[in-house]
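Some notes on the structure that comes next.
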There are 2 protein chains.
Amino acid sequence: MSNATISDVAKKVGVSESTVSRYLSGFKVRNSELIKRAIKELNYRPNIMARNLKSGKTGMVAVIVPDITNPFFAAIVRGAEVAAGDDYMLQLISTGDDPEKEEAAIRRLVGRVDGLIYVPSKENSPAISEIEAKTFPVVFVDRVISKMKNFDSVLADNHHGALLATKHLIEHGHTNIAHIAGPVTSTPGKGRAEGYSAALKDSKIDKNPDFFVESDFTVLGGYQAMMSLLNLKKRPSAVFVGNNLMTIGALKALKEAKVKVPEQMAIIGFDDHELSDLVNPPLTVISRDAHLQGALAMATLLERIKEGYQFPPKQLKVDANLVVRMSCGSTCPYRKTNADKHVLSSSISS
Amino acid sequence: MSNATISDVAKKVGVSESTVSRYLSGFKVRNSELIKRAIKELNYRPNIMARNLKSGKTGMVAVIVPDITNPFFAAIVRGAEVAAGDDYMLQLISTGDDPEKEEAAIRRLVGRVDGLIYVPSKENSPAISEIEAKTFPVVFVDRVISKMKNFDSVLADNHHGALLATKHLIEHGHTNIAHIAGPVTSTPGKGRAEGYSAALKDSKIDKNPDFFVESDFTVLGGYQAMMSLLNLKKRPSAVFVGNNLMTIGALKALKEAKVKVPEQMAIIGFDDHELSDLVNPPLTVISRDAHLQGALAMATLLERIKEGYQFPPKQLKVDANLVVRMSCGSTCPYRKTNADKHVLSSSISS
DNA sequence: TTGTAAGCGTTATCAG
DNA sequence: CTGATAACGCTTACAA
């Protein structure tokens, strides 16, 4: 039975409920030893719901991600969890990229959580009234909703990452460089597309509209996008793919079409993976620290929960790094991705 | 302000709180239209904590996994989430394979959730009193705690999967077959090791103790295990690796040691991955449906929550299938893993 | 330091 | 169908 109440304890010891309550809150009380014993014997556990009702706090933070199955989002969640420590527990929602589900979920969250770490699927998601009303604090991660740009957020330096990726391709002599983009209605989709364009412009390479294909961040989308690229009369010789899942799809297409990488098609992805250096050929990617993003988001959220909207919005950004392997035809020696090194080198800017 | 209470609504309409409460519970009341309007205007939302306190229910189910970052566990979580539908929301805990954290987490869960889906890290974890006391229903997934074998569980057919894997190797003419095992103190570690042994025995192949190395289900562990295998005076010609992460580690070791797969070393893994057919060479694996495991677990748990311990423990098992690709030297044509097909073909036995 | 009592917001009971 | 009243289990003024 875990249904002993504070009153049971009080009765057993012969004090009032308040005394037991005070003991529990760490105050000095006379019969603390007796109370301690009674609690043990009755296996008393404070009823959290009752506490929450009194305090108005829940000790919960929600994390909404498009897809927990994507290792990148899983890393964000994990980062958030470790940053929460013993203070808060996590409620997880993965929405399957469905803005309506997101909205419904957020509505259900009211009163259940003290704050929200939110990775929205689309920038043009309906501005959610619960958030606008600041019913509870929200920190956006990786993506923001455009109408809510002045909230706390922890993004990645998508623009710079894409710039690095595209320049890497250019440095390898490519001029016909395609980009398989995520939805340009999403923060990373847009940022990476812009970085791609900027790199081309910097090098005075004309943009070929055929070489820009907007997809949807999924494996299938990446596959189809690459196929359409391969069907072009004039194929690109290199492609920068806008996220991890689409890169997998693109590689599948390349393999199926028996296109040699990097000889016939150089490829660079966004977001690293434990298996990236085992695929054929080892994949050159842009990498950023998703775990850190999650942790920073949680830290920011906890601050916000504690201090309210006293301080101005924090807009953090983690940097994006080039991890050179073989898929762009690099002659560089093989470099092992070192997770630890990576974390240390991640710089944060606001 | 979402802090309007039922009493505010009642006052505004000029009825009693109970009437509003009844309206909310779907009963017929006279002024329902007025109440409806008042609720809208005041933006009233029932206070969940108060409801929970009254009802003793929380509408939450906890999921404890060793590591949300492992795509296999992520799939379980996702499966559980979709099976929960709109009835329950998920609280996620990943413990980093630390039994003590598990225990602490479970303790904190009391009163916060109506049930638990539990993937314990070790079979010999301390039998947790909260669970034994049936404070809330628990369904074990993928792994069980040995002292609690007669609880609800949804396992995989590890024995059969390992048997398939090892036989596949044998059919390719291998007799020096190693196994990189997970902890034999874990359910899958033990089951797969036993399946491996059974296959050897079936084919009257003597077990070489050098060829059995117990590891820890991590990338690093797999790497080290493979390295130790490679350092053997008499190397195996094939190896069955006991989970996805160790397989990655083993492949890294193989690559580093420039051992050709499958010519010099055939390899088969347990658990498929989106990237498995893109690594070099495409990886032959045993696959089972983690998403289904999660979904079944949630279904069982919800039943248990609703009906209590009326019905006997359900011990479900999803089957394990061989997905043949190239890493065992198969001459079979390339077969694409088809997730949909896979779900349909997953059979369940109890 | 301690006990009494009020209240957090809801729902269930019971009489009308 | 409705309204008053009493819980659910805890915390916190307030008074002693």
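Numbers restart at 1 for each chain; the letters A, B, ... are given by sequence-line order, proteins then strands.
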Practice item. Check the distance between C:dT10's C1' and B:N3's CG and give it to me in whole angstrom. Key: 16 Å

Review point. Would you call B:K306-B:E303 a salt bridge at under 4.0 Å N-O?
Key: no

Study note, to complete from the structure: Within residues 52-61 of chain B, those residues having any heavy atom closer than 4.0 Å to DNA chain C are B:K54

Practice item. Report yes or no: is the cationic atom of B:K314 (NZ for Lys, CZ for Arg) closer than 6.0 Å to the six-membered ring centre of B:F311, at no more than 45° off its axis? Key: yes

Exercise for review: Evaluate the side-chain proximity of A:Q315 to A:K149: yes if any heavy-atom separation is below 4.5 Å, no if none is.
Suggested key: no

**Study point:** Ion pair B:E33/B:R37, N-O distance below 4.0 Å
**Key:** no

Study note, to complete from the structure: Outer limits of DNA chain D sitting under 4.0 Å from a non-hydrogen atom of chain B, read 5' to 3', are D:dC1 to D:dG9

Revision key, fill the gap. With A:V139 as partner, the option from A:D152, A:V119, A:L296, A:L316 fulfilling side chain to side chain contact (heavy atoms under 4.5 Å, CB included) is A:D152

Practice item. May I have the distance from B:N47 (atom CG) to C:dG7 (atom C1'), rounded to whole angstrom? Key: 13 Å

Study note, to complete from the structure: Sequence neighbours excluded, the answer for salt bridge (Lys or Arg N to Asp or Glu O under 4.0 Å) partners of B:K12 is B:E41

Check your understanding: A:R51 has an atom CZ; how far is it from atom C1' of C:dG9, in whole Å?
Key -> 19 Å

Practice item. Applying side-chain contact (heavy atoms from CB on, under 4.5 Å), name anything that partners A:Y309, two or more places apart in sequence or on another chain. Key: A:K134, A:P137, A:R304

Exercise for review: Specify the separation, in whole Å, of atom OH of B:Y23 and atom C1' of C:dT11.
Suggested key: 17 Å

**Study point:** Non-hydrogen side-chain atoms of A:E123 and A:I145 separated by less than 4.5 Å
**Key:** no

Review point. Any chance the side chains of B:T58 and B:N52 put a donor and an acceptor closer than 3.5 Å?
Key: no

**Study point:** Test item: A:Y23 and A:V15 side chains (from C-beta on) under 4.5 Å apart, heavy atoms
**Key:** no

Review point. Within less than 4.0 Å of OP1 or OP2 of C:dG3, is there a side-chain N or O belonging to A:T19?
Key: yes

Point to revise | Stretch residues 24-38 of chain A: residues that reach within less than 4.0 Å of DNA chain C through a heavy atom | key: A:K28, A:V29, A:R30

All N/O pairs under 3.5 Å across the protein-nucleotides 13-15 of chain C interface:
none

Point to revise | Separation of atom CG in B:D8 from atom P in C:dC8, rounded to whole Å | key: 11 Å

